[in-house]
There are 2 protein chains.
Amino acid sequence: MMRTRPLKVALLGCGVVGSEVTRIMTTHADDLAARIGAPVELAGIAVRRPDRVRAGVPAELITTDATALVKRGDIDVVVEVIGGIEPARTLITTAFEHGASVVSANKALLAEDGAALHAAAGQHGTDLYYEAAVAGAIPLIRPLRESLAGDKVNRVLGIVNGTTNFILDKMDSTGAGYQEALDEATALGYAEADPTADVEGFDAAAKAAILAGIAFHTRVRLDDVHREGMTEVTAADFASAKQMGCTIKLLAICERAADGRSVTARVHPAMIPLSHPLASVREAYNAVFVEAEAAGQLMFYGPGAGGAPTASAVLGDLVAVCRNKLAGTTGPGESAYARLTVSPMGEVVTRYHISLDVADKPGVLAQVATVFAEHGVSIDTVRQQGKDGEAALVVVTHRAPDAALSATVEALRRLDTVRGVASIMRVEGE
Amino acid sequence: MMRTRPLKVALLGCGVVGSEVTRIMTTHADDLAARIGAPVELAGIAVRRPDRVRAGVPAELITTDATALVKRGDIDVVVEVIGGIEPARTLITTAFEHGASVVSANKALLAEDGAALHAAAGQHGTDLYYEAAVAGAIPLIRPLRESLAGDKVNRVLGIVNGTTNFILDKMDSTGAGYQEALDEATALGYAEADPTADVEGFDAAAKAAILAGIAFHTRVRLDDVHREGMTEVTAADFASAKQMGCTIKLLAICERAADGRSVTARVHPAMIPLSHPLASVREAYNAVFVEAEAAGQLMFYGPGAGGAPTASAVLGDLVAVCRNKLAGTTGPGESAYARLTVSPMGEVVTRYHISLDVADKPGVLAQVATVFAEHGVSIDTVRQQGKDGEAALVVVTHRAPDAALSATVEALRRLDTVRGVASIMRVEGE
């Protein structure tokens, strides 16, 4: 029983992802129609530079007037793969006002303004879906929002940025420094000309905000996410990690506190044991662990970016919102009823690996140990390496609040015998 | 905006899974209500032996008359965790007739009669959801049915039975034989007193039928699944696997043929390279690879059984069908429009590892190689080990149709110089 009048789709943006969306909608039109229960028709494609449009994209559908396309009045679904805050936000809002549902891959916008966009969608009885915004093709938002809807998620921990994982994997496997590994990533197309959004953790932080919001049924904005990039990670850090049986990954971590009433979200490089499944995630792949009260530990793994994988996620959402349109309903929208407190980084409790350059003389270890003890940070192991009147002291702590660790490091820096703090890295996944 | 009249749930079965469902519905009632948009109320629990009901299960809800409970007329959702074909099938059908949606964890019933049950649900405008039937808490059916609804799945390959994975993992790590490892699994509660359904592959075959049906939008019944158990796997097979850099897993494999118009589904033990992520799936965990045209290779990993993980999947479905009830709609039902041919095992193309006991004399290898060549099966490597006038000959083939391999083995058995075929095992995941 198939409706014959097609559902009309407006595509905003036709770069790597958009042209894959176009290709699949064209070549797999019959399958999409069968799965939706009605044909879907690409009604228009808005681009900024029509001369750059790729082969296989129907020229007659191209327009530079995205606003007019969205306002046409006969559009059922708008697919937004432009990225960035504006004009994407205004176009999406305009789409809702004209009764269209929206499928977006825009992590930055969702992390910054998800609540307002969900409200606008709800007000107009339309859908806002964005599986492609987090971890490319890996189904993550739908499992969190629907499969685990009867469970209590306590932790989401994952590698959600392919560029930085590629760089860190290279540093680990070849001993290269950050710049050398970044250059290789750029040459191979894994890093953009300006890699800031990736290497400074902005991209991962936006994804962490989205994941935390859904996992904890609480609004979490980009500003709530503690963010540290991975540009300071050195070959020496990898050498230290190896001595501990660890490697280094840029992790996004969303956690419910032990009291159950507050949550944290953060992105930073961290050591994880080689035995942890995330340690073996290579190249530009993504993987996310989800720990839930009843389900236990789940892992989702796959390509985290790229035109085709991202298009797969976009099209899964497109089928869903089209089905909803036909049924005259909408899917699950924002769920933020829990209103948990989003705590600052200082309240995160984890372990630390600290490398100090110290004077190589008696009593230094005692001094250092005293500072840790005064701040309530308990030491797990200490390793000393002396050379030429200087020494490196590596301290690995037991679990402690981040604020206590920061205060400890401040006090250590004031010791005469401590020449410098070479690196501080958290230890996760144990 | 919350509806105050509760949705009423009837629970059929209160064993390990049912009592966890009860516990979560009781302790997390507020969360479930917030996520659904209306309270859910456990209206009755049907059990066979009321004296066996567990602690924490409200005694006043217990009944032995499942049929009367389902027919009450005020039940919105029936949760079926009895298992087996009857009386589950009749109760589910009766539930549909009385307007209730059904959440089931019953892989055997879904594999045998999924099409008829979906038809019955559709006829009465109700839902049939069964995420818990495959791989416990791991979201797999929803990702295949919804997240990948815009993609083309070419292959599903996974470990979907925890009991057999526990046994094979023990054999691999300790060198134990099958019986010894089974005894340990039984003692630890990983294997049932009668382990037939697990070790003979019936359980995995039912899951393969369900996964293949959803992945390929084609009806696949249990009878369509080629099934070989793992009771014949020996310590010698593991030793051979190790020499090849492999381990042995019981795999469920659903594949689209190269021509794209036919599919196969099978369950059998197979060697996989140690470098394959499935090789490191330990104990009773499950993991499933999904390969799709656009998404690429995805992996889903987690606990494949157990009361709490299965209850997590059941409750995710319960939230979804309750939301659908409130919205006056139903979720995506059966999708079997593709009507692909389900081909027999003979048409599967893969690689083989064959151990032969042969006479230790000149010319044997030439004879054996001739038989392979006559059947069009190309040899990749041969390894000979001689001892006391006898020799073991291990042949690893290139990819060949299963029928050609079977004919080859038949012909090998007829050679005077071949004393016996010690083992035949497929090699997957390369």
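Letters go in sequence order (proteins before strands), and every chain restarts at 1.
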> Need one label for A:Glu293: side chain, backbone, both or neither, based on atoms under 4.5 Å from any heavy atom in chain B.
side chain

> For A:Ile24, is it the side chain, the backbone, both, or neither that has a heavy atom closer than 4.5 Å to a heavy atom of chain B?
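When you check distances to chain B, only side chain atoms of A:Ile24 fall under 4.5 Å.
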
> I need the residue from B:Gly328, B:Ala327, B:Pro332, B:Pro309 with the largest number of non-hydrogen atom pairs under 4.5 Å to chain A.
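Of the options given, most contacts go to B:Pro309.
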
> Which heavy atom in A:Thr329 sits nearest to a heavy atom in B:Thr329, and how many Å separate them?
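Nearest heavy atoms, A:Thr329 then B:Thr329: CG2-CG2, 4.0 Å.
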
> Determine whether B:Leu315 and A:Asp151 make a side-chain contact, defined as any pair of heavy atoms from C-beta on separated by less than 4.5 Å.
no

> Just give me the residue among B:Glu146, B:Lys152, B:Gln297 that pairs up with chain A most often, heavy atom to heavy atom, under 4.5 Å.
B:Glu146

> In terms of heavy-atom pairs under 4.5 Å, which option from A:Ala308, A:Ser147, A:Gly316 contacts chain B the most?
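The option with the most such pairs is A:Ser147.
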
> Can you name the closest pair of heavy atoms from B:Arg35 and A:Ala149 and give their distance?
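Residues B:Arg35 and A:Ala149, closest heavy atoms: NH1-O, 2.9 Å.
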
> Please flag which part of A:Phe300 lies under 4.5 Å from any non-hydrogen atom of chain B: side chain, backbone, both or neither.
both

> Give the member of A:Met25, A:Glu20, A:His217 that has the highest number of heavy-atom pairs under 4.5 Å with chain B.
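Winner by heavy-atom pair count: A:His217.
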
> How close do B:Leu32 and A:Gly150 get, counting heavy atoms only, and between which atoms?
CD2-CA, 3.8 Å

> Chain A: which of B:Pro303, B:Pro143, B:Gly331, B:Gly306 shares the most heavy-atom pairs with it under 4.5 Å?
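Counting heavy-atom pairs under 4.5 Å, the top option is B:Pro303.
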
> Using a 4.5 Å heavy-atom cutoff, which residues in residues 120-133 of chain B come close to chain A?
B:Glu131

